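Quantities reported herein were computed from a predicted structural model and do not represent experimental measurements. All chains are named by letter (A, B, ...) in the order of the sequence lines, taking the proteins before the strands, and each is independently numbered beginning at 1.
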Amino acid sequence: MSSSDSDDPGLTTITVKQLQTVPRPRFTQASDSDSDDEDQPLAQKILQKRKAAPILAPAKQPPSALASDSDSEDDKPLAQRSRPQPSKAVPKPLPARRASTTAAVAAIVAATSDSDSDDDVPLAQKVKAPPTKRPAQATAPKRKPAAHNDSSDSDSDVPLAKKVKSNSNTPAKKENGRVVSTPGKSTTTTSKAKITASTSKATATKTNGKVKVKAESKKSPGSDEMDEEEEGEEYKWWLEQNANDTIKWTTLAHNGVYFPPEYVPHKIPLVYDNKEIALHPEAEEIASYYAQMLETDHAKNPTFVRNFFKDFRAILNRVQPGHPITDFDKCNFTRMYDHFEKLREIKRNMSKEDKQKLKDEKDAIKSIYGFATLDGRKENLGNYNIEPPGLFRGRGDHPRTGCYKRRVRPEDITINIGPKAKVPPPPPGHRWKNVIHDNKVGWLAMWRENVNDQFKYVQFGATSSLKGQSDLKKFEKARNLKGCVDTIRRDYMAELRDKSMAIRQRATALYLIDKLALRAGNEKGEDEADTVGCCSLRYEHVTLQPPNILVFDFLGKDSVRYYNAVPVDDQVFKNIRIFKKPPKTEGEELFDRLTTTGLNNHLKSLMPGLSAKVFRTYNASHTLQEELKNTPANGTIQEKILAYNRANRRVAELCNHQRAVGKAFGTQMEKLQDRIRALKYQRQRMALQLAALDPKYKRKHPAFYTTEGGEEGEANLSPEWNLAHERDLTAKERVRIEAKFEKDNAERKARKEKPLGKADLQAKLNEAVTRKEKLLAKDKLPSVKEFPPLSERSGNLTERLASGIDKITDRIKNTLLQIEDKDENKTIALGTSKLNYNDPRITIAWSKKHGVPIEKSFTRTLRDKFKWAMDVVAK
DNA sequence: GTGGATGACTCAGAAAGCTGGTT
DNA sequence: AAACCAGCTTTCTGAGTCATCCA
């Protein structure tokens with residue numbers, strides 16, 4: 001790697017505009033002074049140690065796939081062993097049917113009869129209709145709130161925490177310094193004053209940008225209208241200097257949010273104690289949510305069932321007093337399940353036209369609700385659909401999993417919009433909870449979900465300038481960290497021996513965050529799943545393995561297991577031993593003197609804007625960059641992509657990004673293995689044939705003639721398998737011949753010709769399969785001469801066979817590689833790191849350098865999201 | 001200055017949906 | 001050539017992080 005500068009697009013601290021003159025990374029300069037591999041980021045080192053063999057081996061030989069994996073582990077030092085099956089602690093739910101989908105299908109099925117009537121209405125209009133059309137919604141909502149909160153029946157639409165605030169009837173008031181106007185009035189005098197003040201400030205900074213592309217100047221700056229469609233020049237926000245990022249917008253207009261369709265009762269009874277019980281629609285709805293999940297792991301989770309049943313009963317008690325349902329085990333949901341299964345089936349088998357229609361409708365909805373106008377530019381939103389009701393699918397052993405997640409109504413929703421923009425009308429008969437004009441936040445609508453009282457937002461999408469800016473900021477911060485990480489590391493290494501326990505803990509935690517890319521680890525409540533990050537690690541999560549190995553085993557975010565045995569600095573090892581000293585015991589915090597706030601406050605003093613998560617971004621991006629240096633400069637595109645994916649995988653491993661092993665993984669793998677066997681069998685037959693023609697060949701390629709040649713040779717071929725395979729081939733051949741015969745005859749019939757008789761078919765079969773079949777019936781393989789893979793007529797048979805064998809050998813190699821790749825990817829999810837941690841500029845620069853089209857590494861959406869990076873690297 | 005509550009945003013894996021190659 | 005399916009992409013929403021406010 002000679003061209004040092006171009007190798008380093010991602011992690012050097014520079015401003016965007018200076019990009020052409022990339023200074024040498026600071027940490028490489030530092031390398032002279034420091035001992036051994038001090039200059040390498042810790043995470044990098046550990047990764048190399050963990051996975052040393054495959055990645056760093058200079059040899060270009062194809063890794064001997066499966067052989068290397070399991071058996072050889074024992075002689076590796078502990079730290080190099082791959083993690084033992086990092087199984088998820090949580091059972092994976094099977095594909096679940098979603099309420100909204102099936103309801104939609106039901107609606108379609110129901111509507112098919114009268115659907116013709118409004119065919120001439122333009123789509124967009126049709127789409128707007130639903131809110132108006134919904135009969136149930138026009139009247140005041142009858143449905144009572146979440147059953148899990150028994151006390152909330154009375155005024156349930158107001159989340160408890162907010163009640164005090166929102167009860168006020170004053171036309172406009174300040175909430176936390178935020179301007180608020182009551183629904184109905186879109187602007188108020190107070191808010192106007194406030195907004196204009198901030199507006200002028202913001203426009204001042206923006207106009208400095210100057211580079212701002214035409215689109216902006218086309219319209220009057222204050223216009224909040226949504227009508228202008230500017231597809232022309234796009235807005236390159238990254239060319240502007242962005243002084244103020246606390247102001248998120250100066251004008252903001254949007255059409256509000258889209259509500260899921262109302263529940264359509266199906267009137268299928270619940271079978272309770274073998275008797276049918278007709279359910280009130282409200283009870284039926286929640287029962288249906290459960291029924292649809294019957295075949296998932298959720299439905300087998302006791303907490304889930306308990307929570308669901310409690311909420312189900314609460315609703316029953318209210319709407320259907322005197323019902324007999326008391327025992328979950330006597331409930332039989334299968335009839336409902338079957339019903340939804342049927343709907344799914346119908347949806348699957350929908351005609352192409354109907355599917356298209358559905359899609360068009362969805363697109364039309366998106367065209368209305370999927371975009372907002374931000375400072376005069378149309379930008380797309382992330383989520384504009386209000387979450388449909390259902391059962392809360394908490395992950396891991398979330399104590400509230402299975403609770404009824406209530407339908408969100410306009411009365412729950414706060415709209416945030418520009419003061420001059422038209423407030424989107426709530427569905428008829430409804431009102432928004434609130435309308436505010438807060439330009440310091442980026443959301444357009446907000447509500448609180450009833451199960452955990454959490455905030456939910458409608459926000460701009462990942463491709464928007466707003467998100468793009470903060471993305472760029474994030475990666476710039478990681479670059480900044482690169483500039484001072486050496487100092488920070490020296491600091492915390494020294495502090496590992498500090499007299500103060502608090503400082504010692506802080507340094508130790510920071511060491512782990514830096515080295516292992518752990519998350520910060522905030523405290524969590526009783527009513528959440530028990531998962532931890534660095535600061536919240538407990539006694540039992542780390543065990544000591546002298547002399548210096550720490551074994552981590554805990555559930556992290558999303559209850560994903562983190563298991564890792566790592567050699568650490570001696571002082572770190574000592575410290576952990578101290579932190580675990582009795583009387584401390586299981587259940588107690590390892591870092592009892594440390595909080596994430598404390599840690600982050602300290603980090604702020606080391607570098608502006610620094611927080612724990614920045615280390616994760618930095619180490620991930622840096623790992624990517626380093627691993628990409630293993631790209632074979634003269635390799636094919638395919639090989640380079642492989643190298644890229646491998647680097648990507650290293651990052652995912654570092655960050656412990658996991659995924660569930662697919663249901664079909666085992667069978668898919670077996671299929672691939674079979675494919676290899678079939679190829680090897682074919683190769684062996686050809687080799688035998690060739691040996692008969694050219695005895696020298698056998699001496700040159702002994703591996704093809706034995707079952708003991710390892711992966712290269714014909715290992716894992718057995719007489720039994722060969723026989724079964726040959727039978728399979730023969731049976732397929734027979735079917736093929738018979739099918740062709742039928743087809744030919746059908747054609748003849750169509751042409752009014754005389755069809756061929758049975759004798760013709762028999763003759764064909766005799767020629768191709770009958771003899772083989774007879775042999776196989778006697779457990780004998782057909783002799784090689786009866787397996788001529790190549791026509792004798794076409795040239796020199798010896799040569800043809802030899803080249804045919806070579807081709808098969810290549811295919812075997814490729815399949816082997818495919819297996820290896822698949823196996824390595826079994827539990828690793830690459831997407832998250834690509835989307836959130838890898839500085840896109842690294843990938844883009846790599847693409848350019850190696851002549852790999854960017855489409856190979858970035859999908860359409862990724863390219864959209866990272867437009868800023870593509871533009872910047874291009875220069 | 002500490003510690004808890006609040007709020008807004010990023011990050012996360014599962015599931016749905018799509019696509020393109022195979023049979 | 002329709003049906004299938006595996007792998008990839010997108011959508012969905014739950015689960016984190018972290019700044020800020022306030023007592």
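Between A/E476 and A/K473, no side-chain nitrogen of the basic residue sits less than 4.0 Å from a carboxylate oxygen of the acidic one, so the salt-bridge criterion is not met.
Checked against the 6.0 Å centroid threshold, A/Y369 and A/Y258 count as a close aromatic pair.
A close approach under 4.0 Å does occur between a side-chain nitrogen or oxygen of A/K474 and OP1 or OP2 of B/dC11. The phosphate of C/dC18 has neither OP1 nor OP2 within less than 4.0 Å of any side-chain N or O from A/T597. OP1 or OP2 of B/dT10 sits under 4.0 Å from a side-chain N or O of A/K467. Side-chain nitrogen and oxygen atoms of A/K524 include none within less than 4.0 Å of the OP1 or OP2 phosphate oxygen of C/dA15. Between B/dT2 and A/R593, no contact under 4.0 Å exists linking OP1 or OP2 to a side-chain N or O. Applying the 4.0 Å criterion to OP1 and OP2 of C/dG14, one finds that A/H398 has every side-chain N and O outside that range. Checking the phosphate oxygens (OP1, OP2) of B/dT10, a side-chain nitrogen or oxygen of A/S470 falls inside 4.0 Å. Using a 4.0 Å cut-off, no side-chain N or O of A/T595 falls inside it from OP1 or OP2 of B/dG3. One finds a side-chain N or O of A/Q668 lying less than 4.0 angstrom from the OP1 or OP2 phosphate oxygen of C/dG7.
Within the nucleic acid shown, A/G382 has no heavy atom closer than 4.0 Å to any nucleic acid atom. A/K405 comes within 4.0 angstrom of sugar-phosphate atoms only, judged by non-hydrogen atoms across all strands, and of no base. Within the nucleic acid shown, A/N522 comes within 4.0 Å of at least one base atom, counting heavy atoms only. Heavy atoms of A/K355 sit nowhere under 4.0 angstrom from any nucleic acid atom. Looking at heavy-atom distances under 4.0 Å, A/R616 makes contact with sugar-phosphate atoms alone, never a base. Among the atoms of the strands shown, none is found under 4.0 Å from any heavy atom of A/G533.
Per the geometry, CZ belonging to A/R519 stands 11 Å off P belonging to C/dC18, to the nearest Å. Taking atom CD of A/Q454 as the reference point, atom P of B/dG7 lies 13 Å away to the nearest angstrom.
A/S464 meets the side chain to side chain donor-acceptor pair (under 3.5 Å) test with no other residue; sequence neighbours excluded.
When each of A/K456 and A/T596 is assigned the nucleotide of DNA chain C bearing its nearest heavy atom, the one mapping closer to the 5' terminus is A/K456.
The base of B/dC11 lies close enough to the side chain of A/K557 for a donor and an acceptor atom to sit less than 3.5 Å apart.
Checked by atom type, the side-chain pair A/N619/A/D514 shows a donor-acceptor distance below 3.5 Å.
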Could you tabulate the donor-acceptor pairs under 3.5 Å formed by side-chain atoms of residues 606-616 of chain A, not counting sequence neighbours?
residue : atom : partner : partner atom : Å
A/R616  : NE   : A/Y837  : OH           : 2.9
A/R616  : NH1  : A/A517  : O            : 2.7
A/R616  : NH2  : A/C655  : O            : 3.4

